[in-house]
S.K.: 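Shown below is the structure under consideration.
What you see is a predicted model; the values in this text were computed from it and never measured.
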Amino acid sequence: MNNWAIISSKMRVYQALVLIDSIIKNGDKSNIYVLSMDDESYEIISSFTQSYANVFILKEENIINDNIRDLKIRAIIFHIVGH
């Protein structure tokens, strides 16, 4: 059994769906973990995969802790300021 990890956003949700479909159709008895970076990708992937017990979808906002939020803010500031 394999484990797959996929990160998806609304800009690439169709690619995630094709990959999930391919893994399932090829008879691979794998667990598929999807990290949705936004509500749109979460809703779309959830609706297309609700009948599969081996697809687990996580929302970014539910797994990010304060340390990671601080790092994201610092990265944005660094990008804006350029230092």
S.K.: Rounded at 0.5 Å granularity, tell me how far CG in Asn3 sits from OH in Tyr33.
M.R.: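 It comes to 5.0 Å.
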
S.K.: Could you give the distance from CG (Asn54) to OG1 (Thr49), rounded to the nearest 0.5 Å?
M.R.: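 Between Asn54 CG and Thr49 OG1, I get 9.5 Å after rounding to 0.5 Å.
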
S.K.: For Asp38 and Lys10, work out which heavy atoms get closest and say how close.
M.R.: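 That would be OD2-N, 2.9 Å.
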
S.K.: If you look at every heavy atom in Ile57 and Tyr42, which pair is closest and at what distance?
M.R.: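 Nearest heavy atoms, Ile57 then Tyr42: CG2-CD1, 3.4 Å.
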
S.K.: Kindly indicate, with the supporting measurements, whether the criterion side chain to side chain contact (heavy atoms under 4.5 Å, CB included) is fulfilled by Leu19 and Ile32.
M.R.: CA-CA 10 Å; Leu19 179 56; Ile32 304 168; over 6 Å; no

S.K.: Could you tell me whether Tyr52 atom OH has more than 12 heavy atoms of other residues or ligands within 6.0 Å of it?
M.R.: no

S.K.: State the CD1-CD distance between Ile6 and Gln15, to the nearest 0.5 angstrom.
M.R.: 11.0 Å

S.K.: Locate the shortest heavy-atom distance separating Ile7 from Met37; write the atom from each residue and the value.
M.R.: CG2-CG, 3.7 Å

S.K.: Looking only at heavy atoms, which two atoms of Lys59 and Leu35 are closest? And how far apart?
M.R.: C-CD1, 4.1 Å

S.K.: Which pair of non-hydrogen atoms, one from Ser41 and one from Ser8, has the smallest distance, and what is that distance?
M.R.: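 Smallest heavy-atom distance, with atoms named: OG-O, 3.4 Å.
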
S.K.: Any idea which heavy atoms bring Ser30 and Ile23 closest together, and the distance?
M.R.: CB-CG2, 4.3 Å

